[in-house]
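Notes to accompany the following structure.
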Amino acid sequence: MSNPPLPYKAAKTHKHLRELHAQIARQTLLHHNHHISLFIRRCAALRAPLPYVRLLFHSLPNPNLPVFTSTLKFFSLSSAHRDVLSLFHLLRSRRAPAPAPDADAFIYPIVINACPNASSVASAHAHVFKLGYGCDAFVRNAVVNGYLRFGLVGVAREVFDEMPERGVADWNAMISGYWRWGRGREACELFDEMPVRNVVSWTAMVTGYARSGDLERARGFFEGMPERSVVSWNAMLSGYAQSGLVDEAIELFLEMVDVGVEADETTWVTVISSLAERGDPRLAKSLVDSLDSRRVNCNCFVKTALIDMYAKCGELTTARRIFDEMGTHANVVSWNAMISAYARVGDLALARSLFDKMPRKNVVSWNSMIAGYAQNGHSFLAIELFKEMTLTNNFKPDEVTMVSVISACGHLGAYELGRWVMDVIAKNRINLSISGYNALISMYSRCGSMEDAERIFHEITGVRDVISYNSLITGFAAHGYGTRAIELMSKMKEEGLEPDRVTFIGVLAACSHAGLLEEGQHVFRSIKSPTVDHYACMVDLLGRVGKLEEAKRLIDGMPMKAHAGVYGALLNASHIHKQLELGEFAAYKLFDLEPENSGNYVLLSNIYAFAKRWKEVDRIREMMGTRGVKKTTGCSWVEFDGKVHRFIAGDQLHERSKEIYHVLEELEKRMRALGYIAIKDCVLRDVEDEEKEVIVGTHSEKLAIGFALLMSEEGAVIRVVKNLRVCGDCHVAIKMISKLTRREILVRDNNRFHHFKDGECSCQDYW
DNA sequence: CTAGGGTTAG
């Protein structure tokens with residue numbers, strides 16, 4: 001100790017630390033444990049990088065107990081649990097087998113706190129008691145907390161009960177442990193029993209009630225507190241914020257300021273995230289102003305909350321600026337917030353570039369990116385990324401991951417993939433919450449299996465919410481099960497759930513697909529304040545059953561402005577019933593509202609073609625040309641052996657393309673032998689004189705069906721998804737295919753299923 | 001060295 005102490009406490013930055021380190025090395029102080037211990041403590045205070053301290057420690061020739069201890073503390077502070085444990089094992093192996101003096105009892109709380117699972121807590125517990133540290137208050141408290149962390153509430157309680165004397169910290173630990181594992185009743189009992197309560201005990205009760213959604217009781221305890229700390233205020237604030245009660249949160253925050261409680265960074269984070277939820281740029285602005293005027297010290301959490309708030313208020317540039325300014329201080333959450341910000345607005349390229357660049361990923365990073373793909377229609381990429389996450393990187397998915405993946409499977413109509421996803425859920429023992437089950441209902445509905453959808457629906461009895469019902473009703477609608485949709489709505493009312501906007505859209509669509517006019521009108525009249533979407537459904541219903549004039553009158557009498565969906569329904573109905581004038585009316589409205597949508601031009605042109613108005617057909621074609629509207633290429637896909645095979649009309653890209661065409665040609669030959677006439681590309685031709693129906697060349701769904709016929713076994717149901725509507729002539733062709741091959745074929749287009757069997761189809765309204 | 005509050009994803 002003859003060396004003079006270096007100015008450790010004076011170090012203020014990481015740069016200073018490195019200079020000190022160099023000085024230590026120069027003066028060959030590495031074996032002077034007193035210096036090293038002081039230095040590492042300073043590293044902890046300044047949050048030095050983990051690898052730096054790790055390296056430093058391993059370069060030491062002869063670290064003593066204080067050095068071990070300060071390094072342990074550093075690792076613990078950096079949440080480097082594995083480092084804590086390996087250091088502890090190193091310490092145990094180095095030291096003499098004799099029991100250690102009491103002086104180092106305090107390393108045990110750190111070690112127990114780093115235990116990764118319940119069994120390691122148990123062995124630490126045994127070890128610690130064997131060494132005689134069982135009487136140390138801190139060690140006992142750590143043991144109780146260790147068990148509580150992993151849900152072994154009963155074991156924790158036993159340790160608690162066996163304590164010779166209990167401090168208020170032990171009571172508090174037990175109380176918050178009970179709350180954490182959903183055992184509020186026991187928490188309350190302990191709170192009532194405990195001899196001395198402090199502000200922590202009261203705050204734990206506020207948090208407990210707030211987290212279980214009982215904001216009134218939480219507020220009751222908050223009001224009843226003998227004294228409040230800033231943490232108590234924050235607990236109440238975050239209670240409101242987490243329950244989405246933004247107004248209450250803001251009001252409480254103002255009260256807090258009024259009473260003169262100094263807001264800390266946690267307060268700001270809570271308030272900022274509340275305002276993010278509101279998404280109001282003006283509120284956000286005034287909050288930032290008050291941050292500025294108070295010259296609030298913005299830590300990483302505050303900045304991340306700000307990034308999220310700006311992003312949700314639509315100010316991505318500002319969000320990005322803050323993110324860039326954070327530089328290396330940005331943590332994984334800041335990255336995630338930025339990634340999901342880009343994903344939300346559909347800028348997946350930017351989201352992905354950040355995702356690829358980020359220094360560390362956690363499960364939320366993967367979830368954000370996967371959800372970004374899934375929600376922007378890139379189901380396939382979502383699943384690819386999920387495979388990369390779980391198979392390549394061995395990352396464990398959680399429920400949120402699975403909800404996105406389930407949804408992607410549904411959009412793809414990938415039934416087999418969906419079953420694999422169920423396996424993943426089972427293997428990883430992921431507990432699905434209600435939103436997970438709802439996603440499953442949607443997935444199975446979209447894969448065409450209402451049996452599975454209903455099975456899941458019935459499995460979740462008791463906790464079903466409006467979305468569970470809506471998912472199943474929407475499924476029924478897509479399958480044309482009108483009555484069942486209506487019945488389900490009655491059932492949800494019986495269960496005390498009020499149908500919402502989406503419920504009514506589903507039921508009306510179901511009536512429409514099933515041609516249930518009166519029932520639909522009855523439902524429509526029962527809607528308290530119908531939205532424009534409900535009107536669109538009604539126009540669709542009236543139109544499909546042929547009451548086009550009535551549909552037009554409904555549009556004229558609407559209390560709000562009609563949108564593209566309304567006119568789209570009218571155009572579609574005009575197309576079905578070959579109503580030229582209303583078709584023109586609707587189409588021209590649509591040309592204004594969505595000039596880039598090629599489907600509208602095609603529909604109108606087809607209506608003209610049926611009326612043999614060839615000049616107008618040409619005019620629409622020209623119009624598309626001058627406006628630069630490209631006909632959307634529809635694609636279809638079919639799942640086989642867990643892989644999704646995609647086709648577009650006329651493509652020959654598939655490796656088995658030749659065989660597929662051969663299969664289809666053979667079928668066409670058989671059709672011709674039956675007296676049907678096959679004409680290629682005849683949508684616009686005059687077909688009046690044809691006695692028999694017309695089969696047309698290669699549509700994407702026919703290629704997909706051809707592929708499935710080639711690959712799947714006889715008797716298997718063929719499930720095909722098409723991203724555009726299934727058109728009339730192909731409908732005829734598929735009917736024939738189902739008859740000739742005696743296969744059940746399920747084709748899903750945008751929002752409904754066409755179930756082909758024995759030459760018949762469940763959708764009657766096409767031609 | 002123990003107990004209470006905070007950011008991101010569906």
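Proteins come first, then strands; the chains are lettered A, B, ... in the order of their sequence lines, and each starts at number 1. This structure is a prediction, so every number in the text was calculated from the model and none was measured.
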*Of the nucleotides B/dG4, B/dG5, B/dT8, which has the atom closest to the A/D308 side chain?*
B/dT8
*asked:* Could you check whether any side-chain N or O of A/N198 sits under 3.5 Å from a backbone N or O of A/S201, counting only pairs where one atom can act as donor and the other as acceptor?
replied: yes
*Ignoring the backbone of A/A204, work out which of B/dT7, B/dG4, B/dA3 is nearest its side chain.*
B/dG4
*What nucleotide among B/dT8, B/dG5, B/dA3 has an atom nearest to a side-chain atom of A/D264?*
B/dG5
_Does B/dG6 have its OP1 or OP2 closer than 4.0 Å to a side-chain nitrogen or oxygen of A/R211?_
yes
_Taking atom types as they are modelled, would you say the side chain of A/N198 forms a donor-acceptor pair with the base of B/dA3 within the 3.5 Å cutoff?_
yes
*How would you label the contact of A/S76 with the nucleic acid (heavy atoms, under 4.0 Å): base, sugar-phosphate, or nothing?*
nothing
*For the pair made of CD in A/Q242 and P in B/dG10, what is the distance, rounded to whole Å?*
15 Å
*Out of B/dC1, B/dT2, B/dG6, which nucleotide sits closest to the side chain of A/N145?*
B/dT2
*Side-chain donor/acceptor of A/S407 to backbone N/O of A/V403, under 3.5 Å*: no
_Does A/N438 reach a base, just sugar-phosphate, or nothing at all? Heavy atoms under 4.0 Å._
nothing
*asked:* Assess the residue pair A/M358 and A/I339 against the criterion (side chain to side chain contact (heavy atoms under 4.5 Å, CB included)); give the C-alpha distance rounded to whole Å, side-chain angles, the decisive distance to 0.1 Å, and a yes or no.
replied: CA-CA 10 Å; A/M358 65 195 298; A/I339 288 170; 3.7 Å; yes
*Let me know the distance between CE of A/M326 and P of B/dT7, rounded to the nearest Å.*
15 Å
*Remember a base hit wins even if backbone is also touched, and classify A/T304 as base, sugar-phosphate or nothing at under 4.0 Å, heavy atoms.*
base
*Look at all strands and tell whether A/S232 reaches a base, only sugar-phosphate, or nothing, counting heavy atoms closer than 4.0 Å.*
base
*When we call it a touch if two heavy atoms are under 4.0 Å apart, what does A/D398 touch: a base, just sugar-phosphate, or nothing?*
base
_Chi angles and distances behind the side chain to side chain contact (heavy atoms under 4.5 Å, CB included) call for A/Y133, A/H127_ = CA-CA 9 Å; A/Y133 293 127; A/H127 177 76; over 6 Å; no
*Looking only at side chains, do A/D356 and A/S353 share a donor and an acceptor under 3.5 Å apart?*
no
*Phosphate-side-chain proximity, A/S176 and B/dG4, N/O vs OP1/OP2 below 4.0 Å*: yes
_Heavy atoms only, 4.0 Å cut-off, all strands: where does A/V206 land among base, sugar-phosphate and nothing?_
nothing
_Under 3.5 Å, is there any donor-acceptor pair linking the side chain of A/E399 to the base of B/dG10?_
yes
*Go through the N and O atoms of the side chain of A/T401 and the base of B/dG10, and report whether any donor-acceptor pair is under 3.5 Å.*
no
_Classify A/S340 by what it touches in the nucleic acid, base, sugar-phosphate, or nothing, heavy-atom distance under 4.0 Å._
sugar-phosphate
*With a 4.0 Å cut-off on heavy atoms, is A/A305 in touch with a base, just the backbone sugar-phosphate, or nothing at all?*
nothing
*Mind calculating the distance between CE (A/M358) and C1' (B/dA9) to the nearest angstrom?*
12 Å
*asked:* Tell me the interatomic distance from A/Y147, atom OH, to B/dT2, atom C1', rounded to whole angstroms.
replied: 17 Å
*Just compare B/dG5, B/dA3, B/dT7 and give me whichever is closest to any side-chain atom of A/V269.*
B/dT7
*So, is A/R228 close to the B/dG5 phosphate, meaning a side-chain N or O under 4.0 Å from OP1 or OP2?*
no
*Is the A/F386 to A/W366 ring centre distance short of 6.0 Å?*
no
_Under 4.0 Å, counting only non-hydrogen atoms across every strand here, what does A/K361 touch: a base, just sugar-phosphate, or nothing?_
nothing
*Counting heavy atoms from C-beta on, name the nucleotide in B/dA9, B/dC1, B/dA3 closest to the side chain of A/A371.*
B/dA9
*Could you check how far CG of A/L275 sits from P of B/dG6, rounded to whole Å?*
17 Å
*What's the CZ-P distance between A/R149 and B/dA3, to the nearest Å?*
10 Å
*Using the rule for Phe, Tyr, His and the six-membered ring of Trp, do A/F138 and B/dT2 stack at under 5.5 Å and under 30°?*
no
*Interatomic distance where CG belongs to A/N362 and P belongs to B/dG10 [whole Å]*: 14 Å
*In whole angstrom, what separates A/M309's CE from B/dT8's C1'?*
15 Å
*With salt bridge (Lys or Arg N to Asp or Glu O under 4.0 Å) as the test, would you mind laying out the steps for A/R219 and A/E255 before giving the verdict?*
CA-CA 14 Å; A/R219 186 65 187 244; A/E255 191 186 327; 3.5 Å; yes
*Residue-phosphate contact under 4.0 Å: A/K73 side-chain N/O, B/dT2 OP1/OP2*: no
*Phosphate oxygens OP1/OP2 of B/dG6: is one of them under 4.0 Å from a side-chain N or O of A/S238?*
yes
